Every structure is written in C-alpha cells, then in structure tokens.
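Not measured: the values here are computed from a predicted model. Ligands are counted one by one from 1 in listed order, and the atoms in each one are counted from 1 as well.
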Amino acid sequence: MGRQFFVGGNFKMNGTVKSIKEILDNLNNAKLDSNTEVVVAPPSLYLLLAREHLRKGLEVAAQNIFDKPSGAFTGEISADQLKDSGITWTILGHSERRVILQEDDQFVASKTKAALDSGLGVILCCGESLEQREAGKTIEVVTRQLKAVADKVKDWSKVVVAYEPIWAIGTGKVATTEQAQEVHKAIREWLKKEVSDEAAEKTRILYGGSVTEKNCKELAKQADIDGFLVGGASLKPAFVDIINANE
Ligand SMILES: O=C[C@H](O)COP(=O)(O)O
C-alpha cells in the first residue's frame with residue numbers, strides 16, 4: 001500500500017536523565033530500518049534532552065499537550081511551545097489519560113485540532129476496555145472516539161492512529177493478529193466513509209498493547225497494521241528489533 005512503517009516509543013512516566021540517555025544512545029548507535037519512521041516520547045521534563053541527544057532523523061513526541069496556545073494554565077504545555085523546542089509530534093488521547101485523568105472525546109479532539117493547527121504530527125490513540133470488547137462494542141467505541149476528532153479535523157495527513165485495546169496495555173496480553181487486523185481494517189473503512197478516500201489510503205494505523213520483539217513480526221505482516229506504539233518494551237534494548245520488525 002506504500003504507507004511508511006511507523007514506530008513510536010511511549011516511555012510514559014518512566015526514566016531518569018541517565019536511563020533516558022542510555023535508551024537514546026542505544027537508538028543512536030543501532031542500525032535502524034531506514035524505511036521506518038521512529039518517534040520517541042519521553043516524559044515532558046526530558047523532551048529537550050531527547051531532542052538534543054537523539055540523532056537526526058529520529059523524532060521526539062510529547063505525551064500530551066493543552067489545547068490553548070499560552071496563558072494561565074499551570075502545569076500545561078502548548079503545541080507552539082513544543083514546536084519552538086524542536087518537538088514535532090505529540091501523542092493524544094492515550095487511554096491512561098482518558099481513564100485516569102478523565103479526558104473525554106471532545107477534549108482529545110480539541111487538543112488534536114490545536115496540535116495540527118500548530119503543525120505538530122499527532123499519534124491519536126483509541127481503544128476499548130475489556131468490558132466493552134466483551135459486550136461487542138469495540139468498533140462502536142473506537143469509531144466514536146475517532147468521530148469526535150473527525151468533526152473538528154478534516155485534514156488527516158499529519159494524524160497517525162494508534163489502536164490500543166486497554167486490556168492489552170502493560171498486561172502482557174497482546175491482541176491476536178486477527179483481533180488487531182479486524183479493528184485496523186474497520187478503522188480504515190471508517191476513515192473511507194467518514195473522512196476521505198485519501199485518509200483511508202494514507203493514514204498509518206499503529207497497534208499498541210504489549211508489543212515485544214517476539215510478537216511484532218507477525219503483527220507487522222497484517223495488511224492494515226502500519227507500525228506500533230510501544231510502551232514497556234520501548235525502554236529496553238529490544239526496542240530496536242521492534243523498529244526493524246518490517247524489514
Ligand atoms: O502507548 C503505549 C501503550 O500504552 C502500550 O503499552 P505497553 O507496550 O507497555 O503495553
């Protein structure tokens with residue numbers, strides 16, 4: 001299909017100056033598939049360190065932004081500030097923020113619009129809970145999350161969708177290749193129907209949830225899996241093998 005493979009490393013709230021430099025050095029010194037776009041997302045305190053330390057061609061993402069450009073918003077960071085610091089991507093709508101910090105679809109959509117308006121790329125996360133999956137509501141939940149964004153954003157050229165079933169995140173329970181491909185295909189069909197033919201053809205759809213160097217190759221073979229958003233394994237040297245899963 002010609003979509004460039006994309007692998008994001010979401011460090012979440014992990015790392016120290018020392019350990020993050022070690023992870024970045026490991027990437028800097030590795031032979032990485034030149035056809036794969038690589039983005040790492042350290043905690044916000046370490047974004048500049050990552051930008052300064054990472055070799056050219058490897059990009060840095062924030063794990064979140066606020067939807068206003070500047071002002072009295074204690075503790076928040078804007079898309080413009082990220083751009084100013086050489087950060088080119090942000091993750092948005094991660095389930096940990098949706099669930100623990102109670103971010104709703106509208107807020108995620110508003111932040112996605114703010115990020116895109118400022119020229120950032122967005123890794124837009126979606127995914128269902130185990131309860132929703134067992135109730136047969138996976139596609140309904142995922143498309144509802146995406147629809148809130150589509151209502152505000154028409155140009156999806158800088159959006160990468162990350163499908164992350166909540167029950168697979170950090171649990172060691174990876175979705176089967178069939179489960180993942182089924183949802184990715186449904187997301188692509190939804191993009192065709194609700195956004196555009198072009199968005200359906202070009203939007204990368206990543207899988208996230210207990211991806212490791214062991215399961216990544218099978219997942220990468222699926223027609224609609226265009227890469228991964230990796231949590232725990234992105235902190236380990238084997239992250240390189242996941243980046244190279246599509247070789
Ligand atoms: O953003 C990454 C996902 O939440 C996956 O995390 P995990 O690879 O630790 O399961």
- Looking only at protein heavy atoms, identify the closest one to atom 3 (C) of ligand 1 and say how far it is in Å. Glu164 OE2, 2.9 Å

- Is the shortest distance from a Lys or Arg side-chain nitrogen in Lys192 or Asp197 to a carboxylate oxygen in the other one below 4.0 Å? yes

- Query: Do ligand 1 and Thr171 have nitrogen or oxygen atoms that lie under 3.5 Å from each other?
  - Reply: no

- Query: Under 3.5 Å, N or O to N or O, is Gly209 touching ligand 1 that way?
  - Reply: no

- Taking Glu201 for the side chain and Glu198 for the main chain, is one N or O donor matched with an acceptor at less than 3.5 Å? no

- Message: Closer than 4.0 angstrom, basic N to acidic O: yes or no for Lys193 and Glu189?
- Response: no

- Task: Give the residue, atom name and distance (to 0.1 Å) of the protein heavy atom nearest atom 8 (O) of ligand 1.
- Result: Gly231 N, 2.9 Å

- Item | Protein heavy-atom partner closest to atom 6 (O) of ligand 1 - residue, atom, separation in Å | Lys12 NZ, 3.2 Å

- Query: Is Gly170 close to ligand 1, meaning an N/O of one under 3.5 Å from an N/O of the other?
  - Reply: yes

- Are Tyr163 and Val122 in one and the same hydrophobic cluster, where Ile, Leu, Val, Met, Phe, Trp and Tyr link if side-chain heavy atoms are under 4.5 Å apart? yes

- Task: I would like to know whether His53 and Asp25 meet side-chain hydrogen bond (donor to acceptor under 3.5 Å, both in side chains); could you show each step before the answer?
- Result: CA-CA 8 Å; His53 207 80; Asp25 279 336; 3.0 Å; yes

- Message: Using modelled atom types and a 3.5 Å cut-off, is there a donor and acceptor pairing between side-chain atoms of Ser210 and backbone atoms of Val174?
- Response: no

- ligand 1 atoms in contact with Ser210 (distance to a heavy atom under 4.0 Å): 7 (P), 8 (O), 10 (O)

- Item | Spatial distance of atom NE2 (His94) from atom CD1 (Ile123) [nearest 0.5 Å] | 10.5 Å

- Answer yes or no: is there a donor N or O on one side and an acceptor on the other, between the side chain of Arg55 and the main chain of Leu24, under 3.5 Å? no

- Task: Mind checking whether Ser234 contacts ligand 1 via backbone (N, CA, C, O), side chain (CB onward), both or neither, at a 4.0 Å heavy-atom cut-off?
- Result: neither

- Message: For ligand 1 and Asn10, I'd like to know whether there is a polar contact (N/O to N/O, distance under 3.5 Å).
- Response: yes

- Query: Which ligand 1 atoms does His94 reach within 4.0 Å, using its non-hydrogen atoms?
  - Reply: 1 (O), 2 (C), 3 (C), 4 (O)

- Item | Top protein contact for atom 9 (O) of ligand 1, by heavy-atom distance | Gly232 N, 2.8 Å

- Note on the structure: For Ala168, the atoms of ligand 1 under 4.0 Å from one of its heavy atoms are 10 (O)

